[in-house]
Engineer: 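Here it is: the structure, laid out below.
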Amino acid sequence: MSDKIRVRFAPSPTGGLHLGGVRTALFNYLFARQNGGDFILRVEDTDQTRFVEGAEEYILDCLNWCGITPDEGPHAGGEFGPYRQSERKALYREYAEQLVEQGNAYYAFDTPEELDQKREEIPNFQYGHTHRNNLRNSIFLPVNEVQQLLKDGVPHVIRIKVPVDENIGFNDLIRGRVNFETSTIDDKVLLKADGMPTYHLAVVVDDYLMQITHAFRGEEWLPSAPVHLLLWEYLGWKTAMPQWAHLPLILKPDGHGKLSKRDGDSLGFPVYAMNWTDPKNGDLTKGFRELGFLPEAFVNLLAMLGWNNGTDQEIFSLEELVQQFSIDRISKAGAQFDFEKAKWYNHEWIKQSSAANLEPQVIPVLRQHNIFAENYPQLKKIIDLVKDRCTLLTDFYEHSAYFFQKPTTETIDWPSIQPKWNQAKTDFFRAFIQKSQEIETWETVVIETTFKGLVQEKGIKIGEVMLPFRIILVGGKFGPAVFDIAEVLGKQEIAERIEAALAFLGR
RNA sequence: GGCCCGUUCGUCUAGGGGUUAGGACGUUAGAUUUUCAUUCUAGAAACAGGGGUUCGAUUCCCCUACGGGCUACCA
């Protein structure tokens, strides 16, 4: 076996991919890239009742959007396939049977109903050493009866036989030594009645077969780690076991409970990376992408949830993260998600992104409002002019719409100029239209000089006409420097806007 | 209930036996921007509690409290 670093992201295709999932994928990716290793996508679709059509494609789309495409997986191929556990079904039974033969596992014929009843009758019922000896399994039942049940095809599961009074532990890369007492662990089901493995069996078998060297997963898996440890040992693969790193959980903003898929967008912010439509009922759950997040920002904010490089730096590109990521700087405590800070990251990324990078993402935003800017020669300039004002990509609409559409008499902020309007201002703007038509090189500075020269000439205060000029062109008290706006709009357009305003004000 | 993990400003976090406990988000106040945003300056804001160990503990150890996770033929 080579010593190449191999990590896997192993989601279950049961719906949208949420924050925590993407972060796990990201940390896997960073670690793999940093060490010249492989990043594998493995689809854990062993629960046929929870399978959701389209979820797998959606997950891959999310990873692609974030720029963390797997090297191996159901779509990328690879030497360790198949990468969907449902397609590896036959494999798991062999190992489960091997464990039964070795005496480390056993057949159990109890029906779910019987177990439910036990749980009701016996407080804190656990299917383990305390009860396994009088339940319907191959430990308690006579051999010939078990043979008969198997021959008759009676539905059964295979359970691990957890030893009594053993101390078992491992060194977590994030938490250090973690120990468990086996007597407190129950005999987890390894192979379900439908022949599919549970997570516990599948994760061990596949991590071994796929030669995974480091396993990152959420902290919620910590309690089942001892089961996995036992399996690695019983299957005889102990020396090949990956190193574990249990990531801190991402908590709801109020700190009560982990952020879960089911939170959807009910918390006032999205939980999913991208829009997700439930194929069963058509319900749409909003995602970060559609809300106007840049993938760079999304990746950045996710990385900072539980990791930092020890300095004050907070803005990291994916490349920088690959360079600087280190497991020992991952924090142990869960992190409450703060949407305000998330938006700050996006704002920062928009501000520092080039117009060229932003342009293809701004065009669809404008198109949603029937502004078709793709062939607009000044689009890049407009983006540079307004990007400081945009926290989300969707903000580009309200901050740049006036470049493409004349403000209407209904939307213009008349109250800010009308009360102080007078004939002198009307005269000034008429004269300005005239003067501006004579400008040969239509540039910000020239427009400004012309404007100011006219102010002098007319003997009025510049403060009295600056705001009206802005409002006439833009519609309100916002936007970049007014002469920059005038330059982009062009002399014809500003003349039309001034004329329209004068007509309204002169009624 | 049992087991496991955790605990520095409201939030994300840095730090680490001796510090004015640092930064960022948010927030407050000012400056700049003849608009808004950006930018800049300043302010308020934290070591959960109790025992040890030590000359000294927020930092190391123990206990308690609190929070979280798991406790399915779900992952």
Side-chain angles (χ1 to χ4, degrees), chain A residues 10-14 21 44-47 49-50 85 108 110-112 115-116 119 123-127 155-159 172 174-175 178-181 183-186 188-200 202-203 217-226 246 248-249 251-258 261 301 304-315 329 331-345 347-348 351 386-391 395 399 413 416 461-471 474 476-482 485:
Chain A
S12 179
T14 55
E44 308 224 331
D45 54 350
T46 54
D47 186 350
T49 63
R50 291 211 307 159
Q85 291 182 330
D110 320 85
T111 64
L115 293 176
D116 282 344
R119 279 187 268 266
N124 300 324
F125 172 81
Q126 279 207 140
Y127 205 124
H156 61 277
V157 300
I158 292 179
R159 286 179 182 271
D172 187 87
I174 294 171
R175 283 148 220 289
V178 183
N179 293 307
F180 302 87
E181 200 59 51
S183 306
T184 64
I185 302 161
D186 57 347
K188 293 279 182 229
V189 169
L190 265 22
L191 201 75
K192 300 185 258 188
D194 65 2
M196 279 288 192
T198 59
Y199 172 82
H200 307 296
V203 73
R217 46 153 54 153
E219 190 189 338
E220 71 266 33
W221 290 108
L222 211 38
S224 57
H246 289 91
L249 263 18
L251 277 10
K252 294 180 209 270
D254 64 5
H256 294 297
K258 63 172 175 171
K261 267 182 192 178
L301 72 92
M304 300 311 284
L305 238 34
W307 179 86
N308 70 80
N309 75 344
T311 74
D312 289 342
Q313 184 178 354
E314 295 196 87
I315 303 300
R329 292 209 60 90
S331 34
K332 296 182 178 75
Q336 291 179 222
F337 186 73
D338 180 3
F339 191 51
E340 291 306 317
K341 184 102 187 208
K343 284 192 290 191
W344 174 79
Y345 279 107
H347 194 17
E348 290 299 308
K351 282 190 289 178
V386 305
K387 68 183 185 182
D388 281 3
R389 272 150 262 259
C390 298
T391 299
D395 294 338
H399 283 113
D413 180 12
S416 292
K461 286 184 188 149
I462 185 146
E464 288 180 37
V465 284
M466 280 297 279
L467 190 63
F469 188 34
R470 161 176 302 282
I471 290 177
V474 172
K477 284 190 267 188
F478 61 94
V482 70
I485 296 172

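Just so we're on the same page: letters track the sequence lines, and every chain starts at 1. Worth knowing before you read on, the calculation uses all heavy atoms, side chains too, and leaves out hydrogens, waters and symmetry mates.
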Engineer: For A:N309 and B:C12, give me the distance from atom CG to atom C1', rounded to whole Å.
Structural biologist: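 Going from A:N309 (CG) to B:C12 (C1'), I get 14 Å.
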
Engineer: List for me each residue that meets side-chain hydrogen bond (donor to acceptor under 3.5 Å, both in side chains) alongside A:K258, sequence neighbours excluded, and say none if there are none.
Structural biologist: none

Engineer: By salt bridge (charged side-chain N to carboxylate O under 4.0 Å, His left out), which residues pair with A:K252, not counting sequence neighbours?
Structural biologist: A:D263

Engineer: Between B:U8 atom C1' and A:Q336 atom CD, what is the distance in whole Å?
Structural biologist: 14 Å

Engineer: Listed by chain and number, what are the side-chain hydrogen bond (donor to acceptor under 3.5 Å, both in side chains) partners of A:D395, not counting sequence neighbours?
Structural biologist: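 None.
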
Engineer: Atom CH2 of A:W307 and atom P of B:A14: how far apart are they, to the nearest Å?
Structural biologist: 11 Å

Engineer: Of all residues at least two apart in sequence or in a different chain, which pass the ring-ring contact (aromatic ring centres under 6.0 Å, His included) check with A:F478?
Structural biologist: A:Y402

Engineer: How many Å lie between NZ on A:K252 and P on B:C12, as a whole number?
Structural biologist: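 Rounding to the nearest Å, NZ of A:K252 and P of B:C12 are 16 Å apart.
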
Engineer: In whole Å, what separates the C1' atom of B:G26 from that of B:G10?
Structural biologist: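 Here B:G26 and B:G10 have their C1' atoms 8 Å from each other.
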
Engineer: Taking any heavy-atom pair under 4.0 Å as a contact, classify A:V178: base, sugar-phosphate, or nothing.
Structural biologist: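 Since only primed, P, OP1 and OP2 atoms lie under 4.0 Å of A:V178, the category is sugar-phosphate.
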
Engineer: Any side-chain heavy atom of A:P253 within less than 4.5 Å of one from A:D338?
Structural biologist: no

Engineer: Using atom CG of A:L301 as one end and atom P of B:U13 as the other, report the distance to the nearest whole Å.
Structural biologist: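 It works out to 12 Å between those atoms.
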
Engineer: I need a per-nucleotide contact map over nucleotides 67-75 of chain B, read 5' to 3'. Cutoff is protein heavy atoms under 4.0 Å; write B for the base, S for backbone only, - otherwise.
Structural biologist: SSBSS-BBB

Engineer: Base, backbone or nothing for each nucleotide of nucleotides 35-43 of chain B, written B, S, -, heavy atoms under 4.0 angstrom, 5' to 3'?
Structural biologist: BBBSS----

Engineer: How many whole angstroms separate atom CD of A:E340 from atom P of B:G26?
Structural biologist: 7 Å

Engineer: Which part of the nucleic acid, if any, lies within contact of A:R217, taking any heavy atom under 4.0 Å across all strands shown: a base, the sugar-phosphate backbone alone, or nothing?
Structural biologist: nothing

Engineer: Given the C1' atoms of B:A29 and B:A44, what is the spacing between them in whole Å?
Structural biologist: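 B:A29 and B:A44 have their C1' atoms separated by 11 Å.
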
Engineer: I'd like to check the side-chain hydrogen bond (donor to acceptor under 3.5 Å, both in side chains) partners of A:T391; sequence neighbours left out, ordered by chain and number.
Structural biologist: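 A:T391 satisfies side-chain hydrogen bond (donor to acceptor under 3.5 Å, both in side chains) with no residue once adjacent residues are dropped.
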
Engineer: Quantified in whole Å, what is the P atom distance between nucleotide B:U7 and nucleotide B:C40?
Structural biologist: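 About 33 Å, rounded to a whole number of Å.
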
Engineer: Tell me the interatomic distance from A:N308, atom CG, to B:A14, atom P, rounded to whole angstroms.
Structural biologist: 4 Å

Engineer: In terms of the nearest nucleotide of RNA chain B, which residue is placed more toward the 5' end: A:R329 or A:N124?
Structural biologist: A:N124

Engineer: Just checking A:K332: does its NZ atom have more than 12 heavy atoms from other residues, nucleotides or ligands closer to it than 6.0 angstrom?
Structural biologist: no

Engineer: Please report the closest heavy-atom contact between A:E219 and A:L249, naming both atoms and the distance.
Structural biologist: N-CD1, 3.5 Å

Engineer: Just jot down the side-chain hydrogen bond (donor to acceptor under 3.5 Å, both in side chains) partners of A:R329, sequence neighbours excluded, or say none.
Structural biologist: A:N308

Engineer: Say we look at B:C36 and B:G30: how far apart would their P atoms be, to the nearest angstrom?
Structural biologist: 14 Å

Engineer: One thing to verify: whether A:K341 and A:E314 come together as a salt bridge, which I'm taking to mean a side-chain N less than 4.0 angstrom from a carboxylate O.
Structural biologist: yes

Engineer: If we call it a pair only when both distances are under 3.5 Å in a Watson-Crick or G-U wobble match, what pairs with B:A44?
Structural biologist: none

Engineer: Who passes side chain to side chain contact (heavy atoms under 4.5 Å, CB included) against A:D110, sequence neighbours left out?
Structural biologist: A:A108, A:E114, A:L115, A:Y127, A:L135, A:R136

Engineer: Which whole-number value in Å describes the distance from A:K341 NZ to B:U11 P?
Structural biologist: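 After rounding, the reported distance stands at 13 Å.
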
Engineer: Taking any strand in view, what nucleotide pairs with B:U39 in a Watson-Crick or G-U wobble way, both distances under 3.5 Å?
Structural biologist: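 Pairing partner, where one exists within any strand: B:A31.
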
Engineer: Work out how far the P atom of B:C62 is from that of B:A45, and round it to whole angstrom.
Structural biologist: 33 Å

Engineer: Is A:M304 touching bases, backbone alone, or none of the nucleic acid, heavy atoms closer than 4.0 Å?
Structural biologist: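 Since only primed, P, OP1 and OP2 atoms lie under 4.0 Å of A:M304, the category is sugar-phosphate.
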
Engineer: Between B:G51 and B:G68, how many Å separate the two C1' atoms, rounded to a whole number?
Structural biologist: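 One C1' to the other, the span is 26 Å.
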
Engineer: Quick one: look up who B:U54 pairs with, Watson-Crick or G-U, both distances under 3.5 Å, and put none if it's unpaired.
Structural biologist: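 Pair assignment: B:U54 / none.
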
Engineer: In whole angstrom, give me the gap between the P atoms of B:G23 and B:A14.
Structural biologist: 15 Å

Engineer: Applying a 4.0 Å non-hydrogen cut-off, can you work out what A:F337 is touching in the nucleic acid: base, sugar-phosphate, or nothing?
Structural biologist: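 No contact at all - A:F337 keeps every heavy atom at 4.0 Å or more from the nucleic acid.
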
Engineer: Return the nucleotide paired to B:U7: Watson-Crick means purine N1 to pyrimidine N3 with N6-O4 or O6-N4, wobble means G-U with N1-O2 and O6-N3, both under 3.5 Å.
Structural biologist: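 B:A65 is the nucleotide pairing with B:U7.
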
Engineer: For B:U13 versus B:G18, give the span between their C1' atoms, rounded off to a whole number of Å.
Structural biologist: 24 Å

